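What follows is a short report on a single structure.
For ligands, and for the atoms within them, numbers begin at 1 and follow the listed sequence. Sequence positions, counted from 1, serve as the residue numbers for this chain. Bear in mind that the values here come from a model prediction, so they are computed numbers and not experimental data.
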Amino acid sequence: MEIRIRGVSKYYFSQGKTIKALDGVDLTIPANQIFTLLGPSGCGKTTLLRCIVGLEAPDTGEISIGDEVVWSKEKNISIPPEKRGLGMVFQTYAIWPHMNVFDNVAYPLQVRNLPKDIIRDKVEKTLRFVRLEGFEKRPATKLSGGQQQRVALARALVAEPKVILFDEPLSNLDAKLREETRKELKAFLGKLQITAVYVTHDRIEALALSDTIAIMRAGQIVEVGSPQKIYFDADHEFVADFIGRANLVKATVRAQDADYTVVDCGMGTIACQRRDFAIGSEVTLCLRPEFIRLVRGEGAAGKNVVNGRIESLVFVGEAYEAEIRVGNELLLAKFDSDVNLSAGDAVSFTLDPAHCLLVSI
Ligand code: ATP
């Protein structure tokens, strides 16, 4: 089901101060996608999720799930959380330690007073789906972190919601398990016709899991797009910087031609992916470290060749991370681990215009 959020604001009052947790949010979350709210701590992700669920009442605006308005300030509509047809998975799993796996998963059906045999069928089907068949009698506390997370997922799915919401569900798992569980979760969700809204401040998780990412800052949505669009083609400096490591170089638009936007910056004149900026505009040139390509052997001539000097070099296993000094700019670059370089070496590198992204400041 599609979720529509229109003009939603939410204020908190604390110690005599007003905190604008959400500031006029307009957002459409498409049906049957994994949609991630990503942003720095305190930007309002959890508040927005809690407004969708119905655990918080917005101060303005309207929220619809499918055809139903679940919250409207103007129309005085407020559907309680249990009537919104949603499933939710929290960071802390919120599974009950005194219950076994079966009872934890059965709980949402038991409170609806469904007949026992129907509950058994649905719980068993859901446990099979999350690959926990055979664990029915196991106390919930005697499971690994990843298994507990799957119990939480099964409990959220058992009542067959049309929308499932996740609030940082993997953040209590160690790095390796987190990666495995992320893959598993994507596979589980891919098999269901379900809208998933996912909150995280982990950019890798967002990139790996999502169909669409919305980047938030200070209670507002800054940009919405596919992981590739957000990583390679962001419109805003904040987004380009937040989603991955980036060199941000101040630049001035010098010329527009059919294929490129040409800028002047501390590295000289650089041809960039074409963007509609007026000549003379102050912009930011965003360069990902992995797209700084060393020119080996004899120096090269041509478009976007830059000369610099290695200021530092750190071996990180699969690559070297280098800082390259070019005039006043210090650029972070990522090179294959077989390069033969040392601090102090003069280097030339090229920048593919397709990966020279101009963003507004
Ligand atoms: P995090 O990634 O750290 O969980 P978040 O993006 O989910 O952050 P929210 O928890 O939605 O952010 O908080 C948004 C803003 O509202 C923050 O400034 C936060 O301090 C404030 N806030 C949240 N809940 C309350 C509350 N109950 N009372 C007062 N202020 C609150």
Side-chain angles (χ1 to χ4, degrees), residues 3-29 34-63 65 70-71 73 78 80-81 84 86-94 145 149 152-153 156 163-175 178-179 181-182 185 195-210 212-225 227 230 234 236-245:
I3 302 172
R4 277 180 313 285
I5 297 159
R6 294 289 174 265
V8 165
S9 297
K10 172 74 190 171
Y11 310 110
Y12 291 112
F13 302 95
S14 176
Q15 298 171 318
K17 281 194 190 147
T18 303
I19 300 153
K20 244 187 198 179
L22 296 175
D23 185 8
V25 171
D26 283 314
L27 186 64
T28 300
I29 299 176
I34 305 178
F35 189 98
T36 295
L37 301 171
L38 175 70
S41 183
C43 70
K45 307 177 292 289
T46 297
T47 305
L48 184 54
L49 198 75
R50 289 172 63 84
C51 287
I52 297 170
V53 178
L55 297 172
E56 295 287 353
D59 291 293
T60 65
E62 187 166 300
I63 300 176
I65 300 174
V70 294
W71 170 266
K73 185 78 180 170
S78 172
R84 294 192 184 188
L86 311 171
M88 176 120 194
V89 182
F90 298 93
Q91 182 176 353
T92 52
Y93 320 144
Q149 190 48 268
L153 178 64
V163 176
I164 183 163
L165 303 113
F166 296 89
D167 193 359
E168 308 240 8
L170 307 183
S171 51
N172 282 337
L173 305 178
D174 68 46
R178 202 179 163 131
E179 213 177 304
T181 313
R182 188 170 77 207
L185 187 60
T195 306
V197 188
Y198 195 96
V199 160
T200 183
H201 60 261
D202 181 330
R203 61 191 181 83
I204 303 285
E205 198 163 294
L207 289 168
L209 200 63
S210 317
T212 305
I213 299 174
I215 304 274
M216 292 185 72
R217 176 175 55 174
Q220 295 182 333
I221 306 289
V222 186
E223 210 168 316
V224 180
I230 296 286
H236 300 82
E237 179 176 330
F238 174 79
V239 173
D241 192 26
F242 188 78
I243 198 67
R245 293 204 294 177

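- Distance check on atom 15 (C) of ligand 1: some protein heavy atom falls below the 4.0 Å cut-off.
- Under a cutoff of 6.0 Å and an axis angle of 45°, Lys17 and Phe13 do not form a cation-pi pair.
- Note: an N/O pair closer than 3.5 Å links Ser41 and ligand 1 by distance alone.
- Ranking the protein heavy atoms by distance from atom 4 (O) of ligand 1 puts Thr46 OG1, 3.9 Å first.
- In this structure, CD1 in Ile215 is found 10.5 Å from CZ in Arg203, a value given to the nearest 0.5 Å.
- Taking any N or O of Ala21, backbone or side chain, none lies under 3.5 Å from an N or O belonging to ligand 1.
- Nearest to atom 2 (O) of ligand 1 among the protein's heavy atoms is Lys45 NZ, 2.8 Å.
- Shown here for Ala214 and Leu27, the closest heavy-atom pair between the two residues is CB-CD1, 4.3 Å.
- Interatomic distance, CD1 of Ile3 versus CD1 of Ile52, reported as 5.0 Å (0.5 Å rounding).
- Heavy-atom separations between Gly219 and ligand 1 are all 4.0 Å or longer.
- Distance check for atom 20 (O) of ligand 1: every protein heavy atom is found at 4.0 Å or beyond.
- Side-chain contact check for Arg6 and Thr60: no donor-acceptor pair (N or O, by modelled atom type) lies under 3.5 Å.
- Against a heavy-atom cut-off of under 4.0 Å, Pro40 is close to the following atoms of ligand 1: 6 (O).
- Using a cutoff of 4.0 Å between basic side-chain nitrogens and carboxylate oxygens, Arg178 and Asp202 are scored as salt-bridged.
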Side chain to side chain contact (heavy atoms under 4.5 Å, CB included), that's the test. Do Gln149 and Leu170 meet it? Break it down for me. CA-CA 8 Å; Gln149 190 48 268; Leu170 307 183; 4.3 Å; yes
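- No option in Thr47, Ile221, Asp59 other than Thr47 meets the side chain to side chain contact (heavy atoms under 4.5 Å, CB included) test with Leu22.
- Polar contact with ligand 1: absent for Ile19 (N/O pair, distance under 3.5 Å).
- With atom 12 (O) of ligand 1 as the reference point, the heavy atom nearest to it among Ser171, Gly44, Ser14 is part of Gly44.
- Using modelled atom types and a 3.5 Å distance limit, the side chains of Glu205 and Tyr198 yield a donor-acceptor pair.
- Under a 4.0 angstrom heavy-atom cut-off, Gly39 registers as lying outside contact with ligand 1.
- Counting the atoms of ligand 1 from 1 in the order shown, those under 4.0 Å from a heavy atom of Gly42 are 1 (P), 3 (O), 5 (P), 6 (O), 8 (O), 12 (O), 14 (C), 15 (C), 17 (C), 18 (O).
- Within the listing of ligand 1, atoms 9 (P), 11 (O), 13 (O), 14 (C) sit less than 4.0 angstrom from a heavy atom of Thr47.
- For atom 31 (C) of ligand 1, the nearest non-hydrogen atom from the set Phe13, Tyr11, Tyr12 belongs to Tyr12.
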